Amino acid sequence: MAERKLHAIMVAFSFQGHITPFINLALKLASNGCTITFVHTEFVHHMLSKAHHSVEEVDLFSGARKSGLDIRYTTIQDGFPPDYDRILNFNEYWERILRDFPSRVDELVGKIILQSDESLVHFLVADTFYSWPATVAEKYNILNVSSWTEPALVFSIDYHLDLLREKGYFPSTGNQEDIIDFVPGVQSIKSKDLMSYLQDVDIATTIHQIVIKAFEQVKSADFILINTVHELEHETIKALNQKHPTYAIGPINFSTNFTKTVVPKSLWPETDCTEWLNSKPPGSVLYVSFGSLAQSNKHLAEEIAYGLLISEINFIWVLRENTDVLPDGLKNDLRDKGLLVSWCNQNVVISNPAVGGFLTHCGWNSILESIWCGVPMICFPFSVDQPTNRKLVVDDWKIGINLCDGISVTREEVAEKIKELMSGEMENGLRNEIKKIRSVVHKALGRDGSSQRNFDQFLKDLRAKINSTSQDICIR
Ligand code: UDP
């Protein structure tokens, strides 16, 4: 009998760090024969099309379809006007999303199912941080696949919030040195290395609500996909697997989509840095970026700026729309030595041989990308999962150094750490370690690598579950 063609509805989250791996997952599923109906919010659609073309593009997946993939595309309103600043007004935005977005998704999923003939939609794929996937999947009787874009370590700690509560660590005791050694699959972690929202004494905030609701929902997911690599986090993944079918499939689609893609993924227009980079000696440039959300204030930006100048190292610094935090004179001095850009194609930049180090806020995508290119890191986490990710990079894998503890840093410390990373003295330590980890990650995506095998296993298990729960046949 011919295998049925599986159809997924995929609803993307609105942050850059979630959009990229989620689109990569859509491309991977479609490359493996699935039909995808991909959903962005209207706002994200607008940002993506504006960043990539001067005119509004109707269908962001047309390039994927031209290359033979069956990806349909639609959008959903998030309930806010286009010019509303969703990052600046984080709390108000997310409170309304928690309240109103589930019914919008419910309505859209119902409509897609009706249009595609009910039997044709088999599963929902949604970002784990959403508060509605289990409810919606259950209502429409489709399987629920949860997509997690951070390390398994972070997932596991969030998954065990009840246990942390029971033991008296959620809310936090406020003692940074507390040792948490009872979370399954997590050997031991200090309170200061937990996610920022687990270091809070007050847990009545929007971010806490988002996490609590998300992890109530994920307990009903049929499958969990994690953008990590089995070999890097095997104990944690093993423990998670005892609760839920969990698959480490990362870094999703790096081997085919790392620097080029047929689908727009970047929320902001990219400055091309290649010509400048090509004029620099191998390994001589420090790339500095704090991702898409972290905001640096005037004082912090100045300390980093002077630190860069004192270090006398070439650099590219992504300041997003924040260049006005620096005085003009300082900006001019910086431009003599490096490039200040508001956004770039990070993968193109860090895969250039001129780049020898990355001063990063430890966003999970940035870490995976840096590993993929074998670029060691200076870690400067701001919030959410970033302190926990730093623990992995600095303490566990030893592929990066710590800039400082806390968020306050001096120009001297910045300069000293930059020199330490870029001087070449670490040739036998850090750079050797990152070479090893890079090779593990590249292997994982190879033909018989763990991520590829896990992805194949996921599709097999998904198919088996669909076969056991429904009888509809759609010939491929
Ligand atoms: N990024 C980019 N250009 C930039 C800065 C960042 O393309 O100038 C991308 C980067 O490659 C990564 C994503 O934005 O894929 C940021 O995700 P990450 O998880 O590192 O941090 P977040 O933005 O979620 O804090």
Side-chain angles (χ1 to χ4, degrees), residues 12-25 27 44 47-48 51-52 86-87 90 94 127-129 147-151 153-155 195-197 207 210 226-228 250-254 257-261 263-274 276-277 285-296 315-323 338-352 355 358-373 375 377-390 392-393 400 407 441:
F13 212 60
S14 54
F15 295 148
Q16 181 70 67
H18 295 243
I19 291 169
T20 307
F22 204 69
I23 292 176
N24 284 345
L25 178 59
L27 295 171
V44 166
M47 294 280 290
L48 289 170
H52 290 263
R86 287 147 173 87
I87 295 178
F90 183 91
W94 280 98
D127 196 288
T128 308
F129 273 118
S147 162
W148 180 249
T149 57
E150 295 172 6
L153 171 62
V154 174
F155 186 98
M195 294 79 89
S196 59
Y197 47 86
I207 183 94
I210 296 173
I226 304 199
N227 192 20
T228 189
I252 302 168
N253 253 14
F254 268 22
N257 280 277
F258 193 69
T259 53
K260 288 202 182 73
T261 176
V263 180
K265 293 178 198 161
S266 183
L267 290 172
W268 296 280
E270 295 160 345
T271 302
D272 188 352
C273 309
T274 306
W276 185 88
L277 278 169
V285 175
L286 178 76
Y287 173 65
V288 185
S289 165
F290 303 132
S292 60
L293 296 167
Q295 307 271 348
S296 45
F315 63 86
I316 294 179
W317 185 4
V318 180
L319 258 170
R320 296 219 325 279
E321 64 272 36
N322 261 348
T323 39
L339 274 189
L340 286 183
V341 298
S342 58
W343 194 254
C344 63
N345 184 325
Q346 180 164 300
N347 290 359
V348 170
V349 168
I350 60 170
S351 54
N352 190 298
V355 173
F358 184 1
L359 170 51
T360 171
H361 70 310
C362 293
W364 184 238
N365 293 285
S366 292
I367 291 171
L368 288 177
E369 290 156 6
S370 213
I371 293 175
W372 187 255
C373 299
V375 174
M377 289 159 264
I378 303 175
C379 295
F380 186 47
F382 283 66
S383 63
V384 285
D385 59 327
Q386 296 148 23
T388 317
N389 302 346
R390 167 181 57 186
L392 291 172
V393 169
I407 198 81
V441 171

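Whatever order the structure lists ligands and atoms in, that order sets their numbers, starting from 1. A quick note: this is a predicted structure, and the numbers were derived from the prediction, not measured.
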N/O separation below 3.5 Å, Q346 to ligand 1: yes
Pairwise side-chain contact, L339 with T271, heavy-atom cut-off 4.5 Å (strictly under): no
Y287 near ligand 1 by a heavy-atom separation under 4.0 Å: yes
Sub-4.0 Å heavy-atom contact, S266 with ligand 1: no
Plane angle bin for F129 and W148 - parallel if under 30°, tilted between 30 and 60°, otherwise perpendicular: tilted
Location of contacts on F382 toward ligand 1, heavy atoms closer than 4.0 Å: neither
Minimum-distance pair of heavy atoms, taken over all atoms of N227 and G250: OD1-CA, 3.3 Å
Protein residue, atom and distance nearest to atom 7 (O) of ligand 1, heavy-atom basis: C344 O, 3.3 Å
Residue pair I316 / V285: nearest heavy atoms and the distance that separates them: N-CG1, 4.0 Å
Nearest-contact summary for atom 20 (O) of ligand 1 - protein heavy atom, Å: S366 OG, 2.6 Å
Nearest-0.5 Å distance that lies between atom CZ in F382 and atom CZ in R390: 11.5 Å
T20 N/O to ligand 1 N/O under 3.5 Å: no
Sub-4.0 Å atoms of ligand 1 with respect to non-hydrogen atoms of G291: 23 (O)
Closest protein heavy atom to atom 14 (O) of ligand 1, given as residue, atom name and distance to 0.1 Å: Q16 CG, 3.6 Å
Nearest-0.5 Å distance, CG of residue L359 to CZ of residue F380: 8.0 Å
Ligand-side contact atoms (ligand 1) for residue partner W364, heavy atom cut-off under 4.0 Å: 19 (O)
Atom pair OG1 (T259) and CD (E369), whose distance is rounded to the nearest 0.5 Å: 11.5 Å
Flag side-chain contact, heavy atom, 4.5 Å: V318 against Y287: yes
Pick from W268, F290, W343, F15: the one approaching atom 5 (C) of ligand 1 most closely through a non-hydrogen atom: W343
Verdict with supporting geometry, T149 and F22, side-chain contact (heavy atoms from CB on, under 4.5 Å): CA-CA 8 Å; T149 57; F22 204 69; 5.8 Å; no
Nearest-contact summary for atom 11 (O) of ligand 1 - protein heavy atom, Å: E369 OE1, 2.6 Å
Closest non-hydrogen atom pair between W276 and G338, with its separation: CZ2-CA, 3.7 Å
For S292, atoms of ligand 1 separated by under 4.0 Å from a heavy atom: 22 (P), 23 (O)
Candidate pair H52 and S266, rule side-chain contact (heavy atoms from CB on, under 4.5 Å), full reasoning: CA-CA 8 Å; H52 290 263; S266 183; 3.7 Å; yes
Residue portion contacting ligand 1 (non-hydrogen atoms closer than 4.0 Å) for N365: both
Short N or O distance, H361 and ligand 1, threshold 3.5 Å exclusive: yes
Nearest protein heavy atom with distance in Å, relative to atom 24 (O) of ligand 1: G17 CA, 3.6 Å
Structural part of S289 in contact with ligand 1, heavy atom criterion under 4.0 angstrom: side chain
